[in-house]
Amino acid sequence: MATVAELREKLRRPLSAELASGCQNRVVAGGVEKLLASPLGNPFPQVREALRGYAEWDGAAREEALRAALSLLTDAKEKPKAPARAAAKTATPVAAPGERLPPDAPVERLNTGPGGARKLQSLGLHLLRDVLHAYPHRHEDRRALPDLAEVEEGQKVTVEGRVVAKSRRSPRPGMLVIDVTLETPSGGRVKATWFNQPWVEKQLREGARLVLTGRVKKFGRSVQLGVEHLETVDAAQDSLSTGRIVGVYDSKDGISQEFLRRAAHRALETVPLDDYLPAHWRRQYGLTDLGDALWGMHFPHDESHLSRGGARLRFDEYLFLELRMLLQGEDAVLEGKRFNAKSDDIHTFEGALPFRFTNAQRRVLLEITDDMRSDRQMARLVQGDVGSGKTAVAACALYLAVRDGYQGALMAPTEILARQHYANLVGYLGQLDVRVGLLMGAMTPKAKLEMQTRIAEGSVDVVVGTQALIQENVRFDNLGLAVVDEEHRFGVQQRRKLLSGRPDVLVMSATPIPRSLALTAYGDLELSIIDELPPGRTPIETKLIQDNFRAQAYGFVMGQIREGRQAFVVTALIEESDTLELLAATQLADDLKAILPEARIDLLHGKMSAAEKDYVMERFRQREFDILVSTTVIEVGVDVPNASVMVIENAERFGLAQLHQLRGRVGRGSAKSYCVLIAGEHSQKTRKRLKIIEGSTDGFVIAEADLKLRGPGEIRGTRQSGIPDLRLADLANDTQIIEQARELAKHILAHDPKLEHPRLQYLRSELQNRSQSVAFREVI
Ligand SMILES: Nc1ncnc2c1ncn2[C@@H]1O[C@H](COP(=O)(O)OP(=O)(O)OP(=O)(O)O)[C@@H](O)[C@H]1O
């Protein structure tokens, strides 16, 4: 029996010959028909269908049919081999057509094709409910394809069509350019070009059906596309990817959007979408039912379907969060440590600083010391813009704890940050005879054990580390205060109980969150805000430039380097592929080495191990090189005071909050600092957004201006809040929903504190499931 590959070759050759001859070769055509009629052609009924009546057609129709047939051939998949079939027999049975499955069924039971379940699992989606609640992070309107004669320079469009021509060239050694011409269903043509991306080539076969999203460049009447997003569309099936509003999902290399859409579609069809929210409450708050909401989120008919779906699902997120918070809140007032926190000690600490606290720092410190002196266990969030001096305040609190005979801990989200905090705390506390230690997963077992022993016997006062600090069975002798940096998560309440010895807890966050949302997101924490920057900071000068001025921008960077400064260069986020992101960063580093031969340049990216990242950062801090090219791994909290320039490439692809965070990496020393935003092609609207960053350095002002620019009902990204449980949160427009969800949660619990009423049975189990589901689980 011939393999699919052999059959494919047997068919492809005559079909290609026919196409090459301009569909005139009757002899070949006859051969093709014979071949398709023979049993050999049987595995490809769709190909035969595409070519039915072929001999009678005229040139254009024949060409079209041949292309379709070739594309189908190329897409034909090998059937699973016998052993795989045997394995499939013993594996979880896939649901029969029409069979319904509960939301807690494993994804193996969903018919998503060979390897489908594994792909979903690799994205952390294990149960059907995970698939249902893995919402697209944005939507694209692909209902009406744009008329190519009407599109404007710089406009972002999505086009669909078949590849009718492809060429590859190498204008200079090491450079690869792939050009593709796409023919749209209405007969228009678009040219798309990829530079140095050999890995996209296999998706660009002639005849392949593609959906491209990108910015328009016009040359006379011809239209070119700077492609930002590429999808291949399965020509053999009705597409879920064109002709509608289409969701774009979080994914990773090798898992296509088409696959994820199909999986979501299957899950929606297979799971009975019974509503856990009783109808009278839905009516009271004007909410659609769960089924309509989930379909609307994944496959909306129109904008209003998407927006009512989003409204319902957001309401649910807030409702469950509020319920959980209220249920946990029963014992919110826990007994904790009682510190003296003497004013004298605060003065001693401040006296050792090279600066005076700002008024805002002083006020927050008072709030903290009030908590420390009380019997209650402190659970306080200190929020303040980048560089507002949160760490200095936390260091003071740690000092007070140590002076009262306790140990302190500072937990950071990454090893880079842990090391940095360690250096800072040694600076603040070392001179006050406080013994500061560091504990991280990446240390040698011997060093770790040594530190663990010192922690246990109390011969170290303050320990800095990653979350390993509480996970790796670390026993503190006498932990009094735990400081947690950048915790965008919940469950602090549970953590407070978990932490041995029930220390006071202080959480630091630089994410500007409007107060209304902070109350929900951090409902179990008291809030302190540092709303003032230390004096004497020269504001970072920010300049937005078009990418044709890149050379000047890097000339400026070189000037700074000659003055002994260092620079960060951050590359754009590339959606759905960390491999592409890495390649983009590598390419940029190489380009810069060519443009700036004098500069010492190194690279940092997300695929490095923690130890490698750490090593690069440490060398950068030690000024062993001048320019750090990085992907966005650099985003949070990195502190290199000598760095005075931040260049952000493709700034148009970043959100404003992220740009603000990135910019906060400079301006941390005494030198005047600069941020250069280099924008590729972008719309007027994006320009307005970027201008906000150019015009302000205040995180809250930026967050609010950003929200105002985003009109309600706009099809927009859903990952707004940066908080895992609130994936749909929209800070601008949700105040009312939050209040309603809180009101309902209180009402429910006031009448039924344990959710025992049979009518609330679904709601109760949904609450439990969400706490366990990966789609909602707290990451802590
Ligand atoms: N009151 C102050 N006056 C002058 N400099 C200060 C003051 N407070 C802190 N600094 C300095 O400002 C810099 C930033 O402070 P710190 O690291 O505490 O800020 P942060 O809010 O924790 O920043 P990030 O959120 O970016 O990590 C440090 O170099 C610190 O020494």
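Atoms within each ligand, like the ligands themselves, are counted from 1 in listed order.
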A.B. asks: Return yes if some donor-acceptor pair links the side-chain N/O of Gln431 with the main-chain N/O of Ala352 below 3.5 Å, else return no.
C.D. replies: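 Yes; at least one donor-acceptor contact below 3.5 Å.
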A.B. asks: Regarding Asp504 and Lys337, does a basic nitrogen lie under 4.0 Å from an acidic carboxylate oxygen?
C.D. replies: no
A.B. asks: Please determine if Phe355 has a nitrogen or oxygen closer than 3.5 Å to a nitrogen or oxygen of ligand 1.
C.D. replies: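 No; every N/O pair is 3.5 Å or more apart.
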A.B. asks: Within the structure, does Asn424 bring an N/O atom to less than 3.5 angstrom of an N/O atom in ligand 1?
C.D. replies: no
A.B. asks: Is it true that Glu350 and Arg362 have a side-chain N and a carboxylate O under 4.0 angstrom from each other?
C.D. replies: yes
A.B. asks: Is the ring pair Phe556/Tyr674 parallel, tilted or perpendicular, if the boundaries are 30 and 60 degrees?
C.D. replies: perpendicular
A.B. asks: For Gly384, state whether at least one heavy atom is located under 4.0 Å from any atom of ligand 1.
C.D. replies: no
A.B. asks: Have a look at Thr391, Asp385, Asn359 and point out the one with the heavy atom closest to atom 18 (O) of ligand 1.
C.D. replies: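 The option holding the nearest heavy atom is Thr391.
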A.B. asks: If you count the atoms of ligand 1 from 1 in the order shown, which ones are under 4.0 Å from a heavy atom of Phe357?
C.D. replies: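 Listed by number with element, the hits are 1 (N).
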A.B. asks: Applying a strict 4.0 Å limit to heavy atoms, is Gly387 in contact with ligand 1?
C.D. replies: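 Gly387: in contact with ligand 1 (<4.0 Å).
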A.B. asks: Taking the basic N atoms (NZ, or NE/NH1/NH2) and the acidic carboxylate oxygens, is any pair closer than 4.0 Å for Arg687 and Glu652?
C.D. replies: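 Result for this pair is no, no salt bridge flagged.
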A.B. asks: When you look for heavy atoms under 4.0 Å from ligand 1, do you find them on the side chain of Arg356, its backbone, both, or neither?
C.D. replies: backbone
A.B. asks: Any atoms of ligand 1 less than 4.0 Å from a non-hydrogen atom of Tyr428? List them with their elements.
C.D. replies: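 Within the 4.0 Å cut-off of Tyr428, ligand 1 contributes 30 (C), 31 (O).
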A.B. asks: Find all atoms of ligand 1 within a distance of less than 4.0 Å from any non-hydrogen atom belonging to Thr358, and give their numbers and elements.
C.D. replies: 1 (N)
A.B. asks: Between Gly389, Ala360, Gly427, flag the one that comes closest to atom 16 (P) of ligand 1 by a heavy atom.
C.D. replies: Gly389
A.B. asks: Charged N to carboxylate O below 4.0 Å: is that the case for Glu624 and Arg600?
C.D. replies: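 Looking at Glu624 and Arg600, the cut-off is not met.
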A.B. asks: At what distance, to the nearest 0.5 angstrom, does CZ of Phe476 lie from OH of Tyr406?
C.D. replies: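 Phe476 CZ to Tyr406 OH: 14.5 Å, rounded to 0.5 Å.
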